[in-house]
Amino acid sequence: MGRSKAGVLVRRGSIEGHTRPPGGEFAQRALIPSRLTPLLSSFLGIHCVDTADRAVALTYDDGPHPEHTPRILDVLADHQASATFFVLTPAARAQPGILRRMLDEGHRIGLHGADHRSLLTMSTRAAVRAVAQAKDELEQLAGTPVTHYRPPYGHHTPSQAWALRRLGLELVLWSGDGMDWVDQPAADVVERVAASAFPGGILLMHDDRADPETLQPGESLPAFDRALVADHLLQRLAAERLTIAPLEEMLARAPHVFSGSRERMRRR
């Protein structure tokens, strides 16, 4: 299916491709001619899609986890909902049965990397080599092509994104974040991510925390029930007449909104 070409909107130091302002947080941006989009999209990540369909994509990072992920899969099955899991290859290697279950139950697999290091800590050559090796391994483990990649923390440079696209990987970021990597009441996670949902949005959740070494003073690893969060979130979205659509389906049928914030691309 062909995709419409998007224009580009600029706001608060970020560059984002969009055919038109859909309202809300996207309303106050200046439109740049769509002829620039093919170039800009080569080094930006997909933030959401431009659609009137009341559908969102649900994505999970950092797994698979031996306990959390199967319970989340149970909840998704109960709601007849699908998700895209951006997995780390060591976790996938350690949990081949869960990886197979994801695919058998109609979910999709994306790559999150071989570890959770920010790409901003690497040169373009080193980053591309690491991601290419992880992509090859994940394709062998899953027995299916891997075409979507979410860089840890959403960090990447334009040159890295350009090179990764040449590997056949689309960079997928997010528009709504549960911020579920630290401990907090489950209801707070549900409220935060549900409040960020809008038609065409991409929701970011986690079935594990892959970087516990980065906990800040006073922070604790999540102890809330991730499956309970998934259940309550799906109920909340249904009550707001938002359905869960497969990420790949949304990306195939609607123009992409691209994001390239300076914060995500800044070397540290």
Side-chain angles (χ1 to χ4, degrees), residues 57-78 81-119 121-122 126-156 164 167-172 174 177-183 186 189 203-215 219-231 246-248:
L58 181 61
T59 68
Y60 280 90
D61 285 7
D62 289 10
H65 185 275
E67 297 177 11
H68 305 316
T69 309
R71 297 188 62 238
I72 290 170
L73 290 171
D74 290 343
V75 170
L76 292 171
D78 289 343
S82 65
T84 296
F85 290 84
F86 288 92
V87 304
L88 294 167
T89 51
R93 191 187 319 122
Q95 305 296 333
I98 298 177
L99 190 71
R100 177 47 49 193
R101 179 183 172 187
M102 290 173 178
L103 295 166
D104 288 347
E105 295 184 3
H107 306 290
R108 299 297 180 89
I109 302 296
L111 177 65
H112 201 34
D115 54 43
H116 210 273
R117 286 183 297 159
S118 166
L119 295 190
T121 66
M122 311 176 205
V128 171
R129 184 187 310 116
V131 173
Q133 291 173 350
K135 177 180 184 289
D136 289 345
E137 180 177 5
L138 184 56
E139 288 179 336
Q140 291 175 15
L141 290 168
T144 186
V146 174
T147 57
H148 295 100
Y149 171 64
R150 175 172 286 157
Y153 311 107
H155 291 169
H156 64 277
L164 292 172
L167 288 180
L169 290 170
E170 280 192 301
L171 270 66
V172 179
W174 59 88
D177 185 352
M179 299 179 70
D180 55 349
W181 58 84
V182 294
D183 195 33
V189 180
L203 305 182
L204 168 63
M205 303 293 287
H206 294 77
D207 46 347
D208 192 14
R209 173 162 179 165
D211 61 351
E213 70 281 0
T214 65
L215 281 169
E219 290 183 344
S220 301
L221 285 172
F224 56 82
D225 188 332
R226 293 183 185 273
L228 180 67
V229 166
D231 184 46
L247 172 66
E248 291 73 9

Determine whether [X] and [Y] make a side-chain contact, defined as any pair of heavy atoms from C-beta on separated by less than 4.5 Å.
{"X": "T69", "Y": "D208", "value": "no"}
{"X": "E248", "Y": "T147", "value": "no"}
{"X": "L58", "Y": "L76", "value": "yes"}

Once side-chain contact (heavy atoms from CB on, under 4.5 Å) is applied, do any residues pair with [X], and if so which ones, sequence neighbours excluded?
{"X": "A126", "result": "M122, S123, R129"}
{"X": "R209", "result": "W181, V182, D211, T214, L215, E219, L221"}
{"X": "A210", "result": "D62, L88, H116"}
{"X": "D78", "result": "none"}

Tell me, please, which residues at least two apart from [X] pass salt bridge (charged side-chain N to carboxylate O under 4.0 Å, His left out).
{"X": "D115", "answer": "R117"}
{"X": "D180", "answer": "R226"}
{"X": "D61", "answer": "R150"}

For [X], check side chain to side chain donor-acceptor pair (under 3.5 Å) against everything at least two apart and list the hits.
{"X": "S118", "result": "H155"}
{"X": "D177", "result": "none"}
{"X": "E67", "result": "none"}

Side-chain donor-acceptor pairs under 3.5 Å in residues 90-110, sequence neighbours left out?
residue : atom : partner : partner atom : Å
R93     : NE   : E137    : OE2          : 2.6
R93     : NH2  : E137    : OE1          : 3.3
R93     : NH2  : E137    : OE2          : 3.0
R100    : NH2  : A142    : O            : 2.9
R101    : NE   : E105    : OE1          : 3.4
R101    : NE   : E105    : OE2          : 2.7
R101    : NH1  : P70     : O            : 3.4
R101    : NH1  : D74     : OD1          : 3.4
R101    : NH2  : D74     : OD1          : 2.6
H107    : ND1  : A83     : N            : 3.1

*Would you give the length of the straight line joining atom CG of L169 to atom OH of Y149, rounded to the nearest 0.5 angstrom?*
8.5 Å
*So V172 and F86, side-chain contact (heavy atoms from CB on, under 4.5 Å) or not? Walk me through it.*
CA-CA 10 Å; V172 179; F86 288 92; 4.0 Å; yes
*Please report the C-alpha distance between Y60 and I72 in whole Å, then the side-chain angles of each, then the deciding distance to 0.1 Å, and finally whether the side-chain contact (heavy atoms from CB on, under 4.5 Å) criterion is met.*
CA-CA 10 Å; Y60 280 90; I72 290 170; 3.7 Å; yes
*Decide side-chain contact (heavy atoms from CB on, under 4.5 Å) for F85 and L73; before the verdict, give the C-alpha distance in whole Å, the side-chain angles of both, and the deciding distance to 0.1 Å.*
CA-CA 11 Å; F85 290 84; L73 290 171; 3.8 Å; yes
